[in-house]
Student: 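Submitted below is the structure of interest, expressed as structure tokens.
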Number of protein chains: 2
Amino acid sequence: MIEDWTERFQGTAALPRAVRDRLISVARIIHLGAGAQVFGPTNVPDSLFFLYDGRIRVSQSSEAGREIVLYRVDAGESCVLTTACMLAEEAYNAEGIAETNITAIVLPKPAFDRLVSEEEAFRKFVFAAYSRRLIDLLRVVDDVAFGHMDVRLAERLLALAGDHKEIPTTHQNLASELGTAREVISRILSDFQKRGLIAQSRGRIALVDKVALRRIAEAG
Amino acid sequence: MIEDWTERFQGTAALPRAVRDRLISVARIIHLGAGAQVFGPTNVPDSLFFLYDGRIRVSQSSEAGREIVLYRVDAGESCVLTTACMLAEEAYNAEGIAETNITAIVLPKPAFDRLVSEEEAFRKFVFAAYSRRLIDLLRVVDDVAFGHMDVRLAERLLALAGDHKEIPTTHQNLASELGTAREVISRILSDFQKRGLIAQSRGRIALVDKVALRRIAEAG
DNA sequence: CGCCCATCAGTGACATTGTCACCCAAAACG
DNA sequence: CGTTTTGGGTGACAATGTCACTGATGGGCG
């Protein structure tokens with residue numbers, strides 16, 4: 001069940017068989033159901049997470065209760081924010097929620113230290129993971145500080161839809177993705193609808209004209 | 001001149017003498033004048049930076065020409081964004097500007113790899129640096145997405161003033177700090193002035209009532 | 001089935017922030 | 001000096017955020 005670890009983790013920096021074997025020998029496997037909190041301000045893990053299967057949504061919430069999605073951790077990636085929080089013992093208010101049922105590999109800190117020091121490939125993998133998240137956050141800052149809401153919403157709709165045509169989501173959900181208020185999403189969506197780009201019903205959005213949406217998402 | 005390296009770099013994780021010696025033996029020292037670009041989209045270094053003296057301002061700019069300050073690198077800290085960019089070969093538009101004359105220690109990548117693998121203390125230092133920046137960026141996201149401009153401006157004025165009473169800066173500069181437009185800063189500053197919190201003259205802001213400013217900065 | 005209730009979405013009024021097109025004043029510089 | 005550059009003020013409007021509502025929908029249950 002864990003045999004294809006190497007393939008899974010090739011996304012950023014492939015881990016050779018030897019490293020894989022070592023990792024598995026010291027790691028623990030955990031399963032969490034969709035909706036579970038993987039980590040959060042009140043739930044700081046003392047171990048490192050490597051996501052084997054599923055998807056984690058990492059978001060940050062304000063005191064006033066608004067929320068914004070920072071990035072998603074996909075299968076084969078590592079969740080470095082937990083590491084960051086362990087090391088820099090500062091307050092933060094990001095949390096990771098399992099979007100699907102997940103399977104993760106948990107590496108106790110001592111084992112992590114050993115692997116990092118002894119395995120070049122593992123080290124590269126970890127640094128790449130950190131770097132990726134830094135870049136992700138730069139993107140979020142850019143979007144929030146300089147982006148326009150209709151553009152960001154169009155982007156997000158296309159991303160959430162993937163190959164499908166319909167998205168099962170609420171306006172409030174989309175607002176939480178983008179860090180804005182529901183009313184703002186409602187306004188823009190009703191505008192999109194008037195222009196024939198989407199169709200809406202309760203808890204469901206259908207992308208009618210993906211081409212036009214993509215034109216909007218590409219900054220225009 | 002470089003003897004007190006250890007003390008300098010104790011902020012995050014002290015580097016013992018042995019590590020210091022190794023580092024110095026493989027590193028190069030560079031000097032840059034205030035205002036020089038340390039790194040940027042068109043200027044991706046292939047080495048790691050450790051700031052020995054001075055201060056670097058890391059900011060991101062939008063296509064439209066607006067700008068926001070992400071964080072500052074102080075003496076004794078490392079500038080991991082360059083590392084991140086080297087590893088994750090993605091487009092980004094952050095740049096680092098020397099705010100003062102700076103002295104930096106430049107470590108070629110192979111030497112960096114060797115040190116990371118062989119020196120526990122150095123590894124801790126690097127991970128702590130990454131973590132610190134991730135946390136910094138979380139804070140920026142929080143501010144931009146959920147913060148109010150008057151609060152953010154009051155914070156920044158106090159931070160920029162430090163112990164002093166006056167800040168030599170322009171409205172445009174403050175706008176670039178916070179990622180907004182000059183007009184917005186002008187409006188809020190003239191409001192602060194009406195309320196007797198500050199006094200202004202061309203290129204200069206005096207904090208008249210720091211206590212009241214701090215009340216505003218503390219989210220009220 | 002038909003009613004109840006929680007959730008989801010729509011609306012109008014208003015505050016804050018961003019954008020644009022200007023103007024004016026102060027310093028910089030010959 | 002006068003001219004140029006730079007910093008700052010202003011009014012109108014657009015976009016976004018906030019508030020206090022109302023109406024609509026669908027699931028659960030008697």
Side-chain angles (χ1 to χ4, degrees), chain A residues 35 61-68 140-157 166-195 198-206 216 219-220, chain B residues 35 60-68 140-157 160 166-195 198-206 216 219-220:
Chain A
S61 46
S62 75
E63 295 178 5
R66 256 166 66 197
E67 198 180 346
I68 185 171
V140 173
V141 170
D142 193 279
D143 273 11
V144 174
F146 308 128
H148 290 263
M149 208 41 102
D150 53 347
V151 175
R152 295 176 60 207
L153 181 53
E155 277 175 2
R156 204 51 75 109
L157 288 175
E166 287 196 2
I167 312 171
T169 190
T170 66
H171 293 190
Q172 180 56 60
N173 256 326
L174 291 168
S176 296
E177 288 278 336
L178 301 176
T180 184
R182 177 188 60 81
E183 295 92 321
V184 176
I185 298 295
S186 293
R187 277 200 290 247
I188 300 177
L189 283 181
S190 83
D191 177 57
F192 283 179
Q193 190 171 30
K194 266 188 207 106
R195 293 156 63 184
I198 63 167
Q200 300 186 70
S201 60
R202 186 191 175 88
R204 194 188 57 82
I205 296 172
I216 294 176
Chain B
Q60 187 171 39
S61 47
S62 75
E63 296 177 5
R66 255 165 66 197
E67 199 180 346
I68 185 171
V140 173
V141 170
D142 194 279
D143 273 12
V144 174
F146 308 128
H148 290 264
M149 207 44 99
D150 53 348
V151 175
R152 295 175 59 206
L153 180 53
E155 276 175 3
R156 204 52 75 109
L157 287 175
L160 289 174
E166 287 197 3
I167 312 172
T169 189
T170 66
H171 292 190
Q172 180 57 60
N173 256 327
L174 292 169
S176 296
E177 288 276 338
L178 300 177
T180 184
R182 176 188 60 81
E183 294 92 321
V184 176
I185 298 294
S186 294
R187 276 200 291 246
I188 300 177
L189 282 181
S190 83
D191 177 58
F192 283 178
Q193 191 171 28
K194 265 187 208 110
R195 293 157 63 183
I198 64 167
Q200 300 186 70
S201 62
R202 185 189 175 90
R204 192 187 59 83
I205 296 173
I216 295 176

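Labels below follow one simple rule: chain letters A, B, ... track the order of the sequence lines, proteins then strands, and each chain is numbered from 1. Being a predicted model, the structure only gives us computed values, none of them experimental.
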Student: Please report the shortest heavy-atom distance between B/R66 and A/A145, naming the atom on each side.
Tutor: NH2-O, 3.1 Å
Student: Just call it for B/R152: base, sugar-phosphate, or nothing, with non-hydrogen atoms closer than 4.0 Å on any strand.
Tutor: nothing
Student: Could you grab the distance from atom CZ of A/F146 to atom CD of B/Q60, nearest 0.5 Å is fine?
Tutor: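 Rounded to the nearest 0.5 Å, the CZ-CD separation comes to 6.5 Å.
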Student: Whole-Å distance between D/dT16 C1' and A/L153 CG?
Tutor: 13 Å
Student: Between the main-chain N or O of B/L178 and the side-chain N or O of B/R152, is there a donor-acceptor pair closer than 3.5 Å?
Tutor: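 Between the backbone of B/L178 and the side chain of B/R152 there is a qualifying donor-acceptor contact (under 3.5 Å).
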Student: Among A/V184, A/I188, A/T180, A/L189, find the residue that satisfies the side-chain contact (heavy atoms from CB on, under 4.5 Å) test when tested with A/L174.
Tutor: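 Testing A/L174 for a side-chain contact (heavy atoms from CB on, under 4.5 Å) against A/V184, A/I188, A/T180, A/L189 leaves exactly one candidate, A/L189.
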Student: What is the distance, rounded to the nearest whole Å, between atom CG of B/D191 and atom C1' of C/dA15?
Tutor: 13 Å
Student: Which distance, rounded to the nearest 0.5 Å, do you find between the CG of B/D150 and the CZ of B/R187?
Tutor: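 Answer for the CG-CZ pair, B/D150 versus B/R187, is 12.0 Å.
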Student: Between atom CG in B/L189 and atom C1' in C/dT16, what is the gap in whole Å?
Tutor: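 These atoms are roughly 16 Å apart.
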Student: Rounded to the nearest angstrom, tell me the gap between atom CG in B/D143 and atom C1' in C/dT16.
Tutor: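 Result: 17 Å.
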Student: What string of B, S and - do you get for nucleotides 3-10 of chain D, 5' to 3', when a contact is any protein heavy atom under 4.0 Å?
Tutor: ---BSBBB
Student: Please report the shortest heavy-atom distance between B/A154 and B/I216, naming the atom on each side.
Tutor: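 Residues B/A154 and B/I216, closest heavy atoms: CB-CG2, 3.9 Å.
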Student: Between atom CD in A/E67 and atom C1' in D/dG17, what is the gap in whole Å?
Tutor: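 Rounded to the whole Å, the gap is 17 Å.
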Student: Starting at CD1 of A/I185 and ending at P of C/dG10, how long is that distance when rounded to a whole Å?
Tutor: 12 Å
Student: For B/L178 and C/dT16, give me the distance from atom CG to atom P, rounded to whole Å.
Tutor: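 These atoms are roughly 17 Å apart.
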Student: Taking OP1 and OP2 of C/dT17, is either one under 4.0 Å from a side-chain nitrogen or oxygen of B/T180?
Tutor: no
